[in-house]
Visitor: 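Shown below is the structure under consideration.
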Amino acid sequence: MRWRASPLGRRLGVRLPIIQAPMAGGASTARLTAAVSEAGGLGSVAGALLSPDDLRVAIRDVRALTDRPFAVNLFASLPAPSLSRTREWAKLTGARTVPSP
């Protein structure tokens, strides 16, 4: 079966509309990532739970196995919600303020 090329597929450098799920602390390995990329999908390094040094090693290991594109998955947490700047925001926007806690 042939898949139609898409702008996103061309941008990612993949032939198939498949993205490997990055499974942190689980089944994701450099070999799996490289195999998915070599098969035409987008392999993914599960980097969210890795230290910076371990992440460098994981990326290096994948690069040693394939020259195809792959993704690196990281967590990008947001800070806890806060009302500390509500009054400043209200002045800038003209919105009514919510009472501070």
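Counting from 1, the numbers follow the sequence of the chain as shown. Values in this document were obtained by computation on a predicted structure and should not be read as measured data.
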Visitor: Any idea which heavy atoms bring Gly43 and Ser37 closest together, and the distance?
Guide: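 Answer, listing the atom of Gly43 first, then Ser37: N-OG, 3.1 Å.
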Visitor: Grouping I, L, V, M, F, W and Y whenever their side-chain heavy atoms are under 4.5 Å apart, do Leu42 and Val72 come out in a common cluster?
Guide: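 No, it is not one cluster - the side chains of Leu42 and Val72 are not joined through contacts under 4.5 Å.
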Visitor: Measure across Leu50 and Ala58 and return the closest heavy-atom pair with its distance rounded to 0.1 Å.
Guide: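 Shortest heavy-atom separation between Leu50 and Ala58 comes out as CD1-CB, 4.1 Å.
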Visitor: Using the test side chain to side chain contact (heavy atoms under 4.5 Å, CB included), find all partners of Arg85 that sit at least two apart in sequence or belong to another chain.
Guide: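 Arg85 satisfies side chain to side chain contact (heavy atoms under 4.5 Å, CB included) with Glu88 once adjacent residues are dropped.
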Visitor: For residues 59-72, which residue pairs qualify under salt bridge (charged side-chain N to carboxylate O under 4.0 Å, His left out), counting only residues two or more places apart or in two chains?
Guide: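 Found none.
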Visitor: Do Ile18 and Phe70 sit in one hydrophobic cluster, given that two such residues count as connected whenever their side-chain heavy atoms are within less than 4.5 Å of each other, even indirectly?
Guide: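 Looking at the clustering, Phe70 is in a separate group from Ile18.
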Visitor: Starting at CG of Asn73, measure out to CD of Gln20 and round the result to the nearest 0.5 Å.
Guide: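 Separation between the atoms: 10.0 Å.
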Visitor: Testing the basics here: between Ser28 and Ser44, what is the closest heavy-atom pair and its distance to 0.1 Å?
Guide: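 Taking every non-hydrogen atom into account, OG-O, 4.4 Å.
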Visitor: Apply side-chain contact (heavy atoms from CB on, under 4.5 Å) to the pair Val62 and Val45, showing each step before the final yes or no.
Guide: CA-CA 8 Å; Val62 173; Val45 172; 3.8 Å; yes
Visitor: Let me confirm one number: the CG-CG distance from Leu74 to Leu55, rounded to the nearest 0.5 Å.
Guide: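 Spacing of CG (Leu74) from CG (Leu55) equals 6.0 Å.
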Visitor: Any salt bridge (charged side-chain N to carboxylate O under 4.0 Å, His left out) involving residues 33-56? Give me the pairs, sequence neighbours left out, ordered by first then second residue.
Guide: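 Only Asp53-Arg56 qualify under salt bridge (charged side-chain N to carboxylate O under 4.0 Å, His left out).
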Visitor: Tell me, with the steps shown, if Leu49 and Phe75 meet side-chain contact (heavy atoms from CB on, under 4.5 Å).
Guide: CA-CA 8 Å; Leu49 300 180; Phe75 292 143; 4.0 Å; yes
Visitor: How far does CZ of Arg31 sit from CG of Leu65, to the nearest 0.5 angstrom?
Guide: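 Spacing of CZ (Arg31) from CG (Leu65) equals 8.0 Å.
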